[in-house]
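Let me begin by presenting the structure, written as C-alpha cells, before commenting on it.
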Protein chains: 2
Amino acid sequence: MDSLGDTIRKLRENKELPLRTVAAFLDIDQAILSKIERGQRKPSREQVVKLAEYFKVKENDLLVAWLSDKLVYEVEDEDMALKALQVAEERVKYITKNKGKK
Amino acid sequence: MDSLGDTIRKLRENKELPLRTVAAFLDIDQAILSKIERGQRKPSREQVVKLAEYFKVKENDLLVAWLSDKLVYEVEDEDMALKALQVAEERVKYITKNKGKK
DNA sequence: TTGTATTTTGACATAATTTGTCAAATTTAT
DNA sequence: ATAAATTTGACAAATTATGTCAAAATACAA
C-alpha cells in the first residue's frame with residue numbers, strides 16, 4: 001500500500017527519467033517534484049491528473065492514492081483517527097445514497 | 001449521525017443560550033459561531049475542546065465529529081470518496097500497528 | 001580522484017485560504 | 001411594533017500553500 005509519492009517515484013524511475021523532465025511537464029520546479037515524491041509536499045489535483053496522463057496509468061488509481069494521502073495526513077496524529085474515518089465513511093455512504101433527493 | 005454543527009446547536013439550544021454567550025466563552029464573534037453551527041465554517045481543534053468543556057460532554061465524542069466533518073469535507077465531491085476513505089483506513093491501521101517501531 | 005548529472009535542502013517571495021471583526025439585514029418571539 | 005437573536009457579506013489580518021532559486025549533498029562515470 002504505497003503512498004502517492006512512492007508510486008510516482010517508482011513510475012519515474014522505471015522510465016529512468018530525471019526529476020527535471022517530469023517537473024517540466026508539470027510546469028513546476030524539480031525541487032517541488034522531489035518533495036512531492038518524498039511526501040513533503042502535496043501535489044494539486046491537476047498535477048495528479050497530469051501525472052496519470054504522463055505515465056499512462058489510470059487516473060482514478062492515482063487520485064485515490066492522492067485523496068487517501070490527504071485523509072491520512074489530516075488524522076494521523078489524532079487518537080481517534082480510525083473512529084473518525086469510520087464515521088466519515090458512514091456519512092459518505094449516507095450522502096451518496098441520498099444524492100439527487102430534495 | 002449528526003454533523004458537529006448540528007450537535008453544537010442542539011447543545012446550545014437545549015440550554016437556551018444565545019450565540020452571544022457561547023461565542024464569548026470561545027472568544028470569537030457570534031457570527032462565526034453561527035456559521036460553525038450551520039457548517040459554513042470549521043471550528044479549530046481548540047474551539048471544539050472548549051465546547052466540550054463548556055457543555056460538559058465527552059471531548060472525544062466532539063473531536064470525532066469534528067475530524068469526520070473535515071474528512072467528509074475533503075472528499076465529498078470526489079467520485080472515489082468511499083474508496084479513498086477505505087484506503088486511508090487501511091493505512092491508518094497499518095501505521096498504528098507499527099507505532100514505536102524504527 | 002575528479003568531474004558531471006541528479007537530487008535534496010532551505011531561504012525567500014507570492015498567492016491563496018483561513019480566521020476573525022463589524023455593521024447591516026433578516027428572522028424570531030414578544 | 002419592537003426588541004432580541006441570528007444571519008449575511010464586505011473587509012482585514014494572519015496563516016498556510018505553492019513556487020523559485022541557488023547552494024549543498026549525493027550518485028555516478030571516467
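Quick caveat, the model's predicted, so the values are computed rather than measured. These numbers come from the heavy atoms of this one structure, side chains and all, not from hydrogens, waters or symmetry mates.
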Exercise for the section: Send over the distance from B/Leu33 CG to D/dT8 P, rounded to a whole Å. Expected result: 14 Å
Problem - Flag side-chain contact, heavy atom, 4.5 Å: A/Thr21 against A/Tyr54 - result: yes
Exercise for the section: Mind calculating the distance between CD1 (A/Ile36) and P (C/dT8) to the nearest angstrom? Expected result: 13 Å
Problem - Basic-acidic side-chain contact under 4.0 Å: A/Lys10, A/Asp2 - result: yes
Fill in the blank from the handout: Taking C/dT8, C/dC22, D/dG19 as options, the one with an atom nearest any side-chain atom of A/Arg41 is D/dG19
Exercise for the section: May I have the distance from B/Gln30 (atom CD) to C/dA23 (atom P), rounded to whole angstrom? Expected result: 13 Å
Handout entry: hbond_proxy B/Lys35 side chain to D/dG9 base (donor-acceptor, 3.5 Å cutoff)
Key = yes
Exercise for the section: Between B/Glu37 and A/Tyr73, just flag the one whose closest nucleotide in DNA chain D comes earlier from the 5' side. Expected result: B/Glu37
Practice task
With heavy atoms under 4.0 Å as the rule, sort A/Gln40 into base, sugar-phosphate or nothing.
Solution key: sugar-phosphate
Problem - Result of checking B/Leu71, B/Val48, B/Asp61 against B/Trp66 for side chain to side chain contact (heavy atoms under 4.5 Å, CB included) - result: B/Val48
Practice task
Give the rounded distance in Å between these two atoms: CD of B/Glu16 and P of D/dA4.
Solution key: 17 Å
Exercise for the section: Scan B/Gln47 against the nucleic acid and name what it touches under 4.0 Å (heavy atoms): base, sugar-phosphate only, or nothing. Expected result: sugar-phosphate
Fill in the blank from the handout: Checking C/dT7, D/dA22, D/dA17 against the side chain of A/Lys42 (C-beta onward), the nearest is D/dA17
Handout entry: Closest listed nucleotide, where the reference is the side chain of A/Pro18 and the choices are C/dT6, C/dG20, C/dT8
Key = C/dT6
Practice task
Check every strand shown and say whether B/Ile28 touches a base, only sugar-phosphate, or nothing at a heavy-atom separation below 4.0 Å.
Solution key: sugar-phosphate
Exercise for the section: Flag the pair A/Asp69 / A/Tyr73 as yes when at least one side-chain heavy-atom distance between them is below 4.5 Å, and no otherwise. Expected result: no
Exercise for the section: Would you indicate, yes or no, if D/dT7 has its OP1 or OP2 atom less than 4.0 angstrom from a side-chain nitrogen or oxygen of B/Ser34? Expected result: yes
Exercise for the section: Report the distance from atom CD of A/Glu46 to atom P of C/dA16, rounded to the nearest whole Å. Expected result: 13 Å
Practice task
Would you mind reading off the distance between A/Glu13 atom CD and D/dC28 atom C1', rounded to a whole angstrom?
Solution key: 14 Å
Problem - Main-chain N/O of B/Gln30 paired to B/Ser34 side chain as donor or acceptor, under 3.5 Å - result: no
Exercise for the section: Return the nearest nucleotide to the side chain of B/Arg12; candidates are D/dT6, C/dT8, D/dA5. Expected result: D/dT6
Fill in the blank from the handout: From NZ of A/Lys70 across to P of D/dA17 the rounded distance in Å is 11 Å
Problem - For atom CD1 of B/Ile32 and atom P of C/dA23, their distance in whole Å - result: 15 Å
Handout entry: B/Glu76/A/Arg91 salt bridge by N-O under 4.0 Å criterion
Key = no
Exercise for the section: Ignoring backbone atoms, establish whether A/Arg9 has a side-chain N or O less than 4.0 Å from OP1 or OP2 of C/dT8. Expected result: yes
Practice task
Would you please confirm or rule out a distance under 4.0 Å between OP1 or OP2 of C/dT7 and any side-chain N or O of A/Arg38?
Solution key: no
Exercise for the section: Using only side-chain N and O atoms of A/Arg20, determine if any of them is under 4.0 Å from OP1 or OP2 of C/dA5. Expected result: no
